[in-house]
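In the text below, chain A, chain B and the rest are named by the order of the sequence lines, each starting its count at 1. We use all heavy atoms of the structure for the numbers below, so side chains are in, but hydrogens, waters and symmetry mates are not.
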Amino acid sequence: MRASRFLIATQKETPADAVVVSHQLMLRAGLIRKMAAGLYNWLPLGLKVLRKVEHIVREEMNRAGSQELLMPMVQPAELWQETGRWQEYGGELLRFKDRHTNEFCLGPTHEEVITDLARVEIKSYKNLPANFYQIQTKFRDETRPRFGVMRSREFIMKDAYSFHINEESLQQTYDDMHTAYCRIFDRLGLDYRPVAADNGSIGGSGSHEFHVLADSGEDDIAFSTGGQYTANVELAEAVSPGERGVATETFTEVATPGAKTVEDVAQLLGVDNSKVLKTLIVRGKNLETDEDILVALVLRGDHELNEIKAEKLDIIAEPLQFASEEEVKAAVGASPGSIGPKGLTMPVIVDRAAAASADFLCGANKDGFHFSGANWERDIEIGRVEDIRNVVAGDPSPAGDGVLEIKRGIEVGHIFQLGDKYSKSMNATVLDENGKQTTMLMGCYGIGVTRIVAAAIEQNHDDNGIIWPNGLAPFDVAIVPINMHKSEAVTNQCETLYEQLVGSGFDPLFMDEAKARLGVMLADAELMGIPNVIIVGDRGLESGVVEYKNRRTGEKQEIPANGVVEFLKSLG
RNA sequence: CCGAGUGUAGCGCAGUCUGGUUAGCGCAUCUGCUUUGGGAGCAGAGGGUCGUAGGUUCGAAUCCUACCACUCGGACCA
């Protein structure tokens with residue numbers, strides 16, 4: 001490609017509203033331009049990169065035996081009503097009506113559509129397992145898009161769906177997809193980790209996320225120092241810290257005027273936050289009568305409630321909702337700042353770590369008072385003990401191999417075993433070998449294609465711009481002439497080189513604007529992350545050489561002017 | 001959705017508090033000349049409904065009201 005015929009939209013200055021480095025560099029290098037919140041134009045340069053990501057994803061999906069198809073982005077409401085998600089899915093689902101006032105939505109995901117397709121087309125166990133994928137634009141009306149294409153409303157996703165006659169088959173394909181995903185992220189040159197994950201609203205059982213490690217990531221990932229355990233903090237099990245300590249202090253009521261938070265109480269009494277137990281009141285239901293009730297959750301003061309874990313408890317309402325201050329006062333007789341587990345009439349759920357505390361402080365259910373020297377059993381009846389907190393760095397690994405540390409990750413892939421969640425509600429059945437109707441089992445497998453471009457930049461950049469991992473660069477090599485308008489020798493050499501490179505299967509960018517300055521061209525090439533640069537000038541040509549510069553290492557060397565193609569081939 | 005902040009040329013900003021000729025600067029763009037081995041210099045040019053609507057005033061980018069958009073933090077998130 002000649003630069004004179006290609007939109008190079010580089011910018012010297014960083015746009016003010018871009019916060020993370022990938023967003024800044026994507027704008028500066030001219031990969032994308034914003035249209036509106038969460039909506040982006042992909043410029044020619046950006047699209048070249050996006051296509052390379054798609055190409056790798058497509059090759060590996062095909063290799064893994066998945067079949068490519070394409071489903072509509074606009075989906076009829078009826079399908080979503082069948083699975084109940086028309087009501088359940090929140091504001092992220094963009095709903096609208098056509099001219100006949102029929103209801104539709106823009107597809108945020110395609111379980112309904114593929115299941116509808118499968119129930120019509122697949123009638124026999126002989127056609128199973130089947131695995132289909134598409135690479136397509138999705139729309140999710142995020143309340144707050146941010147970080148450029150990292151969290152946009154419209155984005156490109158590779159989504160795959162598999163269908164099975166039994167659990168073994170589902171597990172087999174799930175494992176195959178896990179392997180394929182590792183191949184994909186290896187080929188993309190990303191530093192990533194597969195992590196055990198929560199299933200979220202898509203439902204089903206068993207899932208892994210693939211995270212690219214980066215400080216700008218929006219997820220917390222727990223790793224064990226022994227290397228055996230990796231899980232999203234949403235899911236990571238907080239194991240019991242061990243035997244409860246021995247009670248040594250006397251149970252007393254202390255005045256704590258004005259102290260409302262754990263911090264206040266700990267400071268007032270000169271103890272660590274971990275010695276204070278906090279009590280949170282949430283909505284729940286009576287399992288026998290199904291009436292709405294309140295439930296108390298007790299955690300150590302230095303720990304955070306994990307809402308996902310809490311929601312999974314049968315007695316707690318989903319989604320998790322905190323009781324209002326008035327409800328707390330009515331039920332307990334004290335304000336939220338002074339409540340504790342002693343004498344509560346509602347069900348009490350105690351976190352494992354809180355259950356192991358001894359000689360702790362807690363609210364006295366009387367405004368302005370707390371108990372100190374409190375101990376379970378001796379002073380306060382202990383309720384149900386559950387894991388309801390977020391793990392923190394230093395917690396023991398659930399796999400027993402050392403302790404946990406926590407890093408930030410960008411979720412670029414997610415695989416699920418859906419089971420019969422969609423096939424059952426949509427009645428997607430096949431005849432088994434006995435001629436009996438059997439509900440198919442399903443798996444689904446997503447990769448955020450546009451997000452990968454941003455994640456790759458987060459991991460591969462320097463002060464001068466992007467440094468693409470092998471295989472993602474928009475061009476293989478830049479040809480940079482010096483004083484082309486003055487030197488016929490430089491012009492001829494560059495033209496020859498360009499033809500040779502194109503003829504040898506390279507994708508070069510010839511910076512052919514005659515009067516462009518060297519510094520500007522090099523700065524652009526570096527910003528765009530072109531991995532190899534060939535500088536052609538009269539000075540070198542006099543002795544038959546051109547200069548080669550490597551983007552990643554910054555190393556320069558002189559190479560024979562007529563040996564450039566061989567040299568680049570030798571780089572691999 | 002809650003809280004905070006910002007809207008002035010393609011990008012980055014000043015001017016707004018304290019209303020007053022023709023709204024300014026840097027980068028980018030175009031023309032000419034001189035330059036050219038790591039983001040050139042000089043001279044000139046184009047580009048603005050100052051987010052939108054209403055109001056106050058002799059006069060509004062500036063003050064008031066409402067709305068909109070965007071950004072950040074939170075909440076939410078296959």
May I ask which nucleotide in the shown strands pairs with B:U56, Watson-Crick or G-U wobble, both distances under 3.5 Å?
-> none

Do A:Asp141 and A:Arg95 sit within salt-bridge range, that is, some charged N less than 4.0 Å from a carboxylate O?
-> no

With sugar-phosphate meaning primed atoms plus P, OP1 and OP2, does A:Asp538 contact a base, only sugar-phosphate, or nothing at under 4.0 Å between heavy atoms?
-> base

Electrostatic pair A:Arg85:A:Glu111 at N-O distance under 4.0 angstrom = yes

RNA chain B nearest-nucleotide lookup for A:Val19 and A:Glu13: closer to the 5′ end is A:Glu13

Compare the minimum distances between each of B:U35, B:G26, B:G10 and the side chain of A:His485, then state the nucleotide with the smallest one.
-> B:U35

Expressed as a whole number of Å, how far does the P atom of B:G15 sit from that of B:U29?
-> 27 Å

Can the ring centroids of A:Tyr445 and A:Tyr181 be said to lie less than 6.0 angstrom from one another?
-> no

Separation of the C1' atoms in B:C72 and B:U18, to the nearest angstrom = 31 Å

Starting from P on B:C77, measure out to CD on A:Glu411 and report it in whole angstrom.
-> 13 Å

B:G74 to B:C30 separation - C1' atoms, rounded to the nearest Å | 47 Å

Identify which nucleotide among B:U36, B:U71, B:G38 has an atom closest to any side-chain atom of A:Asn483, counting heavy atoms from C-beta outward.
-> B:U36

Looking at A:Arg151, does any N or O in its side chain come under 4.0 Å of the phosphate oxygens OP1/OP2 on B:C76?
-> no

Within the structure, does a side-chain N or O atom of A:Arg517 lie under 4.0 Å from either OP1 or OP2 of B:A40?
-> yes

Under 3.5 Å: donor-acceptor pair, side chain of A:Arg146, backbone of A:Arg151 | no

When the distance from CG of A:Asp219 to P of B:C76 is rounded to whole Å, what number comes out?
-> 13 Å

Complementary nucleotide for B:C50 - Watson-Crick or wobble, under 3.5 Å = none

If pairing means Watson-Crick or G-U wobble with both distances under 3.5 Å, then the partner of B:G73 is B:C2

Name the nucleic acid region contacted by A:Glu209, choosing base, sugar-phosphate or nothing; use a 4.0 angstrom heavy-atom cut-off, strictly under.
-> nothing

Any salt bridge between A:Lys278 and A:Glu263, counting N to O under 4.0 Å?
-> no

Classify the nucleic acid contact of A:Gly91 as base, sugar-phosphate or nothing, counting any heavy atom under 4.0 Å across all strands shown.
-> nothing

B:A61 versus B:U56 - spacing of their P atoms, nearest Å | 16 Å

Base, sugar-phosphate, or nothing for A:Met157, non-hydrogen atoms under 4.0 angstrom?
-> base

Starting from P on B:U36, measure out to CD1 on A:Ile535 and report it in whole angstrom.
-> 18 Å

Taking only the side-chain nitrogens and oxygens of A:Lys34, find out if one of them lies under 4.0 Å from OP1 or OP2 of B:U71.
-> yes

Find the distance A:Phe147:CZ to B:C76:C1' and express it as a whole number of Å.
-> 14 Å

Are A:Lys309 and A:Asp387 ion-paired here, with the side-chain N under 4.0 Å from a carboxylate O?
-> yes

What is the nucleic acid contact for A:Tyr445, judged by heavy atoms within less than 4.0 Å: base, sugar-phosphate only, or nothing?
-> nothing

Among B:C1, B:G38, B:G73, find the nucleotide with the atom closest to the side chain of A:Lys556.
-> B:G38

Under 4.0 Å between any heavy atoms, over every strand shown, what does A:Ala523 touch: base, sugar-phosphate, or nothing? Just pick one.
-> base

Any strand is fair game: report the nucleotide pairing with B:U62 by Watson-Crick or G-U wobble, both distances under 3.5 Å, or none.
-> none

If you check the A:Arg539 side chain, which of B:G38, B:C70, B:G37 turns out closest?
-> B:G37

Taking a pair to mean Watson-Crick or G-U wobble geometry with both distances below 3.5 Å, B:C27 pairs with B:G10

C1' atom, B:C13 versus B:A23: distance in rounded Å?
-> 14 Å

Where the side chain of A:Arg28 is defined as all heavy atoms beyond and including C-beta, which of B:G12, B:C72, B:G39 is the nearest nucleotide?
-> B:G39

Rounded interatomic separation in angstrom, taking CG from A:Asp524 and C1' from B:C27 = 14 Å

A:Gln87 atom CD, neighbour heavy-atom count above 12 within 6.0 Å | yes

Of A:Glu234 and A:Arg153, the one whose closest RNA chain B nucleotide lies more 5' | A:Arg153

Among the candidates B:G38, B:C76, B:C77, find the nucleotide nearest to the side-chain atoms of A:Glu92.
-> B:C77

Output yes when A:Arg408 and A:Asp219 qualify as a salt bridge under the 4.0 Å nitrogen-oxygen rule, no when they do not.
-> no

For atom P, what is the distance between B:C64 and B:A60, given to the nearest Å?
-> 16 Å

When you get a sec, tell me which of B:U71, B:C13, B:G37 is the closest nucleotide to the side chain of A:Ala16?
-> B:C13

Regarding the side chain of A:Lys486, the nearest nucleotide among B:C76, B:U36, B:U71 is B:U36

Rounding to a whole Å, what distance do you find between A:Leu541:CG and B:G37:P?
-> 16 Å

Using the P atom in both, what is the distance from B:A66 to B:A28, to the nearest Å?
-> 42 Å

Base, sugar-phosphate, or nothing for A:Glu142, non-hydrogen atoms under 4.0 angstrom?
-> nothing

On a whole-Å scale, what distance lies between the P atoms belonging to B:C70 and B:U52?
-> 16 Å

Does A:Lys549 come within less than 4.0 Å of A:Glu526, counting only side-chain N to carboxylate O?
-> yes

A:Arg144 atom CZ is separated from B:U71 atom C1', nearest whole Å, by 8 Å

Calculate the interatomic distance between A:Lys12 atom NZ and B:G38 atom C1'; express it in whole Å.
-> 12 Å

